[in-house]
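Residue numbers begin at 1 in each chain, while the letters A, B, ... track the order of the sequences. Bear in mind the structure is a predicted one, so any value in this text is a computation, not a measurement.
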Number of protein chains: 2
Amino acid sequence: MVRATTIAAPPLRRTRRRPADVSADLLAAAAVEFGSHGYDGASTRRIAARAGAHQPQINYHFTSKEHLWRATVDQLFALLGPVPTPTPGAGDQVELFARMVRGFLRFSADHPELNRIINLEATASSPRLEWLVAAHLAPRRGAVGAQWAAVRASGAGAVLTADEVWEVITSYGALHFANEPMLHLLGGDRGPTGTAAHVASVLSILLPGGHGSPSHQ
Amino acid sequence: MVRATTIAAPPLRRTRRRPADVSADLLAAAAVEFGSHGYDGASTRRIAARAGAHQPQINYHFTSKEHLWRATVDQLFALLGPVPTPTPGAGDQVELFARMVRGFLRFSADHPELNRIINLEATASSPRLEWLVAAHLAPRRGAVGAQWAAVRASGAGAVLTADEVWEVITSYGALHFANEPMLHLLGGDRGPTGTAAHVASVLSILLPGGHGSPSHQ
DNA sequence: GTCTATACCGAGATAGAC
DNA sequence: GTCTATCTCGGTATAGAC
């Protein structure tokens with residue numbers, strides 16, 4: 001028989017982790033929950049449970065649900081990498097642009113949570129949305145605009161404005177991965193092979209001349 | 001002086017409406033609230049307040065929040081119009097396709113709530129999403145696929161699969177309107193002129209040869 | 001059919017033992 | 001730092017007078 005004292009095991013208690021690990025686990029769990037249900041729909045109880053932690057630990061480590069949300073977004077953008085800085089004379093501008101698009105789409109395939117969180121906030125004005133745009137989206141939008149100007153100046157690229165290119169990349173490009181649950185129910189080919197095909201499809205729209213296949217690491 | 005009996009006016013009571021009007025007002029309010037905050041984020045209190053009604057009237061007219069959500073989606077799809085049925089030999093298949101795309105995008109510009117609701121559900125599997133796909137999205141996806149096959153058979157249209165065409169229309173095409181709050185904060189030209197330009201942009205991607213401007217009613 | 005009052009639940013946040 | 005207990009608030013839904 002099992003002794004009574006060992007029966008009363010805590011429901012979700014794991015081997016004690018270092019505080020930094022608890023924070024990291026909470027951030028990873030928050031990305032999934034915020035990306036699945038939006039800010040209002042996600043609950044700190046569920047986030048904590050997914051991380052194997054207790055709900056009050058969220059307030060201890062992140063002060064509030066709002067701070068946890070921002071930390072989650074910050075961490076996902078950090079994972080995406082720094083904003084590409086313009087290097088005027090350096091190398092093939094078209095190849096630099098194509099590399100940026102491929103990098104972003106591959107990240108979106110690996111971490112669909114970021115684009116989910118962004119799109120779940122995009123439909124209504126809010127302080128969160130204003131912060132998201134000012135802190136993260138606007139700088140990247142500027143970098144993409146500069147890169148696209150260089151592409152067009154070199155004579156390559158489709159006849160699209162920088163705004164249209166941004167929307168092709170972030171809407172057509174990224175929602176393929178962010179909206180996977182819906183697209184899966186709709187049928188269609190999906191999976192590793194489909195990822196490469198989708199990246200090629202995006203590049204074929206932006207750079208009709210080619211540049212869709214080189215350096216397929 | 002105002003008499004005491006007239007001072008005690010109910011907070012939000014309006015002139016008494018017919019029951020059908022209350023239902024219609026609740027549906028319109030629900031479209032806005034569900035489209036802005038998602039299913040979980042929307043509250044029946046706010047929906048009722050926006051419709052100038054009382055919260056329990058939602059349960060009376062629609063039984064539950066879930067039923068109200070489905071009725072809202074049904075009504076928006078009814079506004080969009082019936083699923084186009086294939087007419088094999090009839091007329092210019094390319095023009096029929098272009099007309100469908102233009103109609104959908106103009107509807108999306110006038111009623112961004114539908115695409116907002118769809119995209120807010122698209123990131124996580126749920127009974128609601130399964131119903132949405134089976135009841136509404138799959139039939140329209142089938143119709144678009146048939147129309148696109150006819151376009152390609154006629155030798156026109158870009159080199160894109162039917163899945164890719166669906167995503168160009170619903171992601172790149174419709175999110176331009178659904179995500180207006182975010183795109184507005186990001187800058188860029190928006191407004192009536194921008195709507196026509198965006199429709200032309202979508203068609204230029206799908207039908208590179210032309211067909212972007214005719215019958216601009 | 002409409003409204004007031006309220007039941008009931010789960011949310012985020014906090015206090016205090018450990 | 002972690003965990004239990006609990007506070008307060010806002011959510012959906014229901015009961016019953018009108």
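In summary, B:R50 and B:D25 do not engage in a salt bridge, as defined by a charged side-chain N under 4.0 Å from a carboxylate O.
The side chain of B:H54 contributes no N or O atom lying less than 4.0 Å from OP1 or OP2 of C:dT2. Taking 4.0 angstrom as the limit, B:H61 places a side-chain polar atom (N or O) nearer than this to OP1 or OP2 of C:dT2.
Using cut-offs of 30° and 60° on the angle between ring planes, the pair A:F34 and A:Y39 is parallel. The aromatic rings of A:W131 and A:H136 sit perpendicular, their planes meeting at an angle over 60°, well past the 30° parallel limit. Between A:H198 and A:F177, the ring planes lie perpendicular to each other; the angle is over 60°, past the 30° to 60° tilted range.
Between B:H61 and B:S23 the shortest heavy-atom distance is ND1-OG, 3.3 Å.
Put simply, CD on A:Q57 is 16 Å from P on C:dT14, counting in whole angstrom units. One interatomic measurement links the two molecules: CZ of B:F62 to P of C:dT2, which rounds to 11 Å at whole-angstrom precision. B:L26 places its CG atom 11 Å from the P atom of C:dC3, with the value rounded to the nearest Å.
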For each nucleotide in nucleotides 8-13 of chain C, reading 5' to 3', give B when a protein heavy atom comes within less than 4.0 Å of its base, S when such contact involves only the sugar-phosphate, and - otherwise. ---BBB

Less than 3.5 Å apart, which donor and acceptor atoms pair up between the side chains of residues 108-115 of chain A and the rest of the protein, not counting sequence neighbours?
from	atom 1	to	atom 2	distance (Å)
A:S108	OG	A:F104	O	2.9
A:S108	OG	A:N115	ND2	2.9

